[in-house]
> 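Can you read through this structure? Questions will come right after.
First the proteins, then the strands, lettered A, B, ... as listed; each starts at 1.
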Amino acid sequence: MKNVASVIVDVPAMQTDRTYDYLVPDEWLGSISPGMRVAVPFGPRKIQGFVMELKEKGEVSKLKPIHEPMDLVPVLNEELLSLGNWLTEKTLSFKISAFQAMLPAAMKAKYEKYFQLETTAEHVDLPESLIPFFKKGSEVPWKVIEQAGLLPVIQPLVNKGIIDVIYKVKAKGNKKTVRHLKLNVSGTRLQEVIEGLPPQANKQKEVLQYMNSLGDPGKAFLTNELIEGAETTSSTIKALVKKGILIEKSVEVYRDPFENRVFEKTTPLTLTDQQREAILPILETIEDTLHRTFLLYGVTGSGKTEIYLQSIQRVLEKGKEAIVLVPEISLTPQMVHRFKGRFGNDVAVLHSGLSVGEKYDEWRKIQRKEVKVVVGARSAIFAPFENLGIIIIDEEHETSYKQEENPRYHARDVAVKRAETHRCPVILGSATPSLESFARASKGVYHLLTLNKRMNDGDLPAVSIVDMREELRSGNRSMFSQELFDKLQTRIEKGEQTVLFLNRRGHSSFIMCRDCGFVVQCPNCDISLTYHRFSNGMKCHYCGYEEHVPNTCPECESEHIRYFGTGTQKVEEELNKLLPGARIIRMDVDTTSRKGSHEKLLNAFGEGKADILLGTQMIAKGLDFPNITLVGVLSADTMLHLPDFRAAEKTFQLLTQVSGRAGRHKLPGEVVIQTYTPEHYSIELASEHDYDRFYSQEMMMRKMGNYPPFYYITLITLSHEDLMQVVSIAERLSGFIRSRLSQSTIILGPSASPIPRIKNRYRYQCLIKYKREPNLASTLKTVLDQFQQQYASQGLSISIDVNPYVMM
DNA sequence: AGCACGCCGACT
DNA sequence: GTCGGCGTGCTC
């Protein structure tokens with residue numbers, strides 16, 4: 001009899017990253033299976049865990065029983081369980097973190113401690129101060145006692161066993177339910193029942209008649225529905241329930257984030273010759289149930305989405321399911337519309353704009369096989385489909401597909417892994433593919449599909465580069481070049497729309513003294529504080545530290561202290577000054593933080609309610625309005641100077657992306673790029689829409705620098721409160737790694753991280769570059785084992801990022 | 001991660 | 001002599 005369950009417990013630590021065995025109590029036998037969440041005792045606590053397998057015998061003799069199951073059906077199927085193990089190995093994360101990453105946040109357990117009065121001790125005299133708390137029941141949350149400052153009072157009682165500490169595992173409030181009411185008597189007996197009611201119960205009789213009059217007697221009513229329909233009150237209904245004539249039942253309902261929204265049904269468009277050529281190999285792969293990865297390289301406006309849609313169509317016809325990944329912010333309403341328009345209610349949407357509860361509901365639809373297509377951000381790659389027919393990753397080059405916390409996975413890798421198991425195609429789509437993917441396509445690892453014509457046969461917009469140094473020399477100190485300003489003005493006169501793009505990354509406003517150059521820094525982190533207008537304060541991006549803007553320079557007491565950098569607000573102000581009549585919509589974190597505001601602003605712009613759309617990264621993609629004829633990039637080079645070997649690639653991608661917003665329809669588009677480094681190849685080639693040349697140029701740079709795609713990289717970051725400690729540990733660590741890895745592997749460092757201190761912890765890092773390193777995984781595991789165990793107690797922490805995208 | 005168990009300083 | 005500091009080690 002398999003009545004022992006091995007369980008991964010919810011304790012993300014090196015020492016607990018393994019299974020623990022528990023007894024399955026008889027009452028749950030048969031109803032607990034692998035992939036379910038269970039509440040288990042762990043030491044004195046009670047915590048959540050995932051059942052990995054059922055077996056006959058435990059590893060140890062004394063097994064504790066499972067406290068209770070937390071699911072009726074497994075939340076992780078066999079595929080996802082093994083995917084979790086794979087993920088753990090690839091990313092060197094804890095198993096529990098991998099499993100949790102695959103589920104909606106609502107499924108992460110919450111823990112609460114309670115004080116409980118021993119039942120046998122009920123008549124014991126409690127200290128007076130405690131009596132009010134235990135008056136209502138024998139359980140009181142730990143927090144309540146703590147806040148009342150009574151922990152010292154209660155402690156001795158706990159020691160004496162008069163009061164126990166109990167631990168509860170709480171599922172976060174997730175299921176939303178409504179009450180359904182049904183008749184409990186058959187239609188034929190109903191008249192009898194009505195007649196049997198007391199004569200004064202007129203209202204009750206009416207309700208029953210009403211329910212009877214509406215067709216089949218088994219029909220369920222919502223409470224509200226019934227109250228309205230039968231013109232009655234809840235007390236009447238309660239009475240009927242009490243008499244057992246009506247039965248009441250809680251039924252799970254979904255919160256529908258797209259409630260009351262009609263999606264116009266669309267039908268497949270006729271493909272262009274080029275599109276037909278591109279889709280053919282995909283359809284063949286679907287037909288033959290093969291795994292293949294395609295790189296769909298198509299210029300903006302070339303109709304990639306239609307290829308996705310028609311490929312999915314074929315997959316659905318074969319009775320299979322599809323996952324579509326889109327970048328976090330660009331999970332634009334427009335994208336959702338296109339999918340919902342084509343596939344209607346077969347689509348679930350999973351993205352960060354949804355509440356925890358809404359995400360849970362969408363996930364449940366997938367689990368219950370109520371949908372066939374999921375459109376979502378990174379984590380949607382774990383959608384619990386069992387019969388996957390295709391995985392699509394749109395804007396494949398986007399870095400948001402890499403998770404920057406444990407498990408540090410890349411959705412692209414997971415996609416390929418899942419597609420292998422399901423024997424289905426993966427489509428990576430982009431107008432500016434990542435170097436990694438394009439290199440793979442060139443080597444034939446991926447199959448390259450090219451769309452180099454725009455669907456409307458329109459030309460790509462003309463791009464002009466403005467050298468801002470020249471502007472400065474000729475006396476223009478504003479943030480708009482003459483050219484951009486002129487063009488902006490013409491658009492407004494003609495009633496056409498402009499998108500102004502401000503790249504704020506690495507350019508956030510900081511406070512600087514103009515006399516001595518002093519920059520206000522965070523006391524805990526080695527980074528300058530960011531100016532926030534609404535609070536007139538300065539905030540640290542990394543630790544949240546906040547202080548007021550000083551009136552005088554703390555260093556030289558000069559009063560010439562002001563903020564630098566260009567925020568969207570500042571641009572807006574200047575625009576208002578220069579073009580008083582222009583209507584501007586500003587999109588940044590401040591204006592889009594409220595739910596749905598992102599969409600609202602975009603809609604307003606689409607409806608022509610503004611002349612200028614001003615924003616940061618978030619407006620770079622998805623935006624597709626016919627009246628946009630001008631795109632301005634205020635400073636193209638801000639991210640070029642970040643300590644990141646992908647800086648040029650990111651700049652090129654962003655500029656290309658932004659330029660693609662102009663002239664997508666009938667009107668021709670123009671793009672103005674302002675920069676201080678016009679000669680940089682990423683800017684120059686972006687202006688010429690020349691991906692191929694950019695690719696070969698950048699490949700050369702990567703080759704010279706021994707960076708991906710020529711080398712794989714892994715970044716190890718150590719942090720510690722004590723500078724001397726990190727340095728010496730980092731030295732030992734790099735020595736150890738060097739001794740274990742092959743000769744051809746390059747190990748850089750240890751050196752201070754680009755941000756050498758965060759939250760008062762000093763940070764050192766080692767960068768490993770390798771082509772083939774079979775020992776890497778085992779070496780890194782050993783590193784974690786030895787160093788973490790050795791140093792965790794002394795406050796050291798180690799983070800390992802395989803294929804990092806953020807080097808800070 | 002928590003939590004208990006266990007061994008050394010400043011207090012009734 | 002005890003209360004309590006947090007180092008060490010375990011949790012099926």
Side-chain angles (χ1 to χ4, degrees), chain A residues 1-26 28-29 32-34 36-70 88 92-101 105 107-116 141-143 145-146 149 151-161 163-170 172 405-407 719-722 725 759 761 784-799:
Chain A
M1 192 177 39
K2 293 196 173 184
N3 64 345
V4 172
S6 59
V7 173
I8 294 285
V9 293
D10 182 13
V11 182
M14 198 89 232
Q15 296 166 57
T16 49
D17 190 33
R18 58 186 195 83
T19 57
Y20 288 83
D21 291 341
Y22 290 89
L23 214 60
V24 181
D26 290 347
W28 308 118
L29 259 182
I32 285 182
S33 51
M36 276 185 189
R37 295 172 302 158
V38 287
V40 291
F42 196 64
R45 299 180 287 161
K46 203 179 294 159
I47 58 176
Q48 189 183 73
F50 289 90
V51 178
M52 293 295 107
E53 58 166 343
L54 293 176
K55 48 190 186 181
E56 312 244 329
K57 224 175 155 298
E59 306 276 306
V60 290
S61 51
K62 38 151 199 143
L63 293 185
K64 288 186 186 175
I66 286 175
H67 178 248
E68 62 175 352
M70 300 179 68
T88 302
L92 295 144
S93 66
F94 304 128
K95 288 207 168 64
I96 188 69
S97 317
F99 291 130
Q100 261 156 8
M107 289 195 173
K108 204 175 164 188
K110 268 188 170 170
Y111 302 106
E112 271 169 39
K113 283 200 284 190
Y114 288 83
F115 289 110
Q116 184 183 42
W142 175 289
K143 264 202 206 143
I145 300 287
E146 189 181 26
L151 283 183
V153 181
I154 211 162
Q155 194 61 52
L157 299 169
V158 174
N159 293 345
K160 277 188 229 155
I163 286 174
D164 289 339
V165 179
I166 57 170
Y167 299 82
K168 288 193 179 182
V169 183
K170 288 218 162 173
K172 284 186 187 161
E405 62 214 50
N406 277 326
S719 78
H720 197 283
E721 283 182 2
D722 184 56
Q725 288 260 20
K759 293 184 192 170
R761 298 177 64 86
L784 282 178
D785 274 345
Q786 294 197 346
F787 285 77
Q788 186 139 331
Q789 215 159 30
Q790 197 169 344
Y791 295 107
S793 58
Q794 293 159 38
L796 175 86
S797 68
I798 305 179
S799 117

> Passes ring pair (Phe, Tyr, Trp, His ring centres under 6.0 Å), A:Phe115 versus A:Trp142? Steps please.
CA-CA 6 Å; A:Phe115 289 110; A:Trp142 175 289; 5.0 Å; yes

> Can you identify which nucleotide, out of B:dC3, C:dT11, C:dC12, has its nearest atom closest to the A:Arg18 side chain?
C:dC12

> Please tell me if A:Tyr167 has a side-chain N or O lying less than 4.0 Å from either OP1 or OP2 of B:dC3.
yes

> Using whole Å, report how far CG of A:Leu151 lies from P of C:dG4.
14 Å

> Between A:Gly49 and A:Val7, what is the shortest heavy-atom contact and its length?
CA-CG1, 3.7 Å

> Rounded to whole Å, how long is the line connecting atom CZ of A:Phe94 with atom P of C:dT11?
18 Å

> Any salt bridge (charged side-chain N to carboxylate O under 4.0 Å, His left out) involving residues 10-20 of chain A? Give me the pairs, sequence neighbours left out, ordered by first then second residue.
none

> If I take atom CD in residue A:Gln15 and atom C1' in nucleotide C:dG7, what distance separates them, rounded to the nearest angstrom?
13 Å

> Does a side-chain N or O from A:Lys62 land closer than 4.0 Å to OP1 or OP2 of C:dC12, or not?
no

> Reckon A:Lys64 has a side-chain N or O less than 4.0 Å from the OP1 or OP2 of C:dT11?
no

> Rounded to whole angstroms, how far apart are CG on A:Asp10 and P on B:dA1?
12 Å

> Taking atom CD as the centre, does A:Glu721 end up with more than 12 heavy-atom neighbours from other residues, nucleotides or ligands that are less than 6.0 angstrom away?
no

> Rounded to whole angstrom units, what separation is found between the OH atom of A:Tyr111 and the C1' atom of C:dT11?
14 Å

> Could you identify which residues of residues 38-52 of chain A place a heavy atom less than 4.0 Å from some atom of DNA chain C, listed by residue number, or say none?
A:Pro41, A:Phe42, A:Gly43

> Quick one: A:Ile32 CD1 to C:dC12 P, roughly how many Å, whole number?
16 Å

> Mind calculating the distance between CE (A:Met14) and C1' (C:dT8) to the nearest angstrom?
18 Å

> In whole angstroms, how far is the P atom of C:dC12 from the CD1 atom of A:Ile66?
13 Å

> Classify A:Thr16 by what it touches in the nucleic acid, base, sugar-phosphate, or nothing, heavy-atom distance under 4.0 Å.
base

> Looking at A:Tyr111 and A:Gln48, would you say the former's side chain and the latter's main chain have a donor-acceptor pair under 3.5 Å?
yes

> For A:Tyr20 and A:Phe42, take the angle between the two ring planes, folded into 0 to 90°, and tell me which bin it lands in: parallel under 30, tilted 30 to 60, perpendicular over 60.
perpendicular

> If only side-chain N and O atoms of A:Tyr22 are considered, is one of them under 4.0 Å from the OP1 or OP2 phosphate oxygen of C:dC12?
yes

> Could you work out, with side-chain contact (heavy atoms from CB on, under 4.5 Å) as the rule, every residue matching A:Asp21, not counting sequence neighbours?
A:Val4, A:Ser6, A:Lys55, A:Glu59, A:Leu63

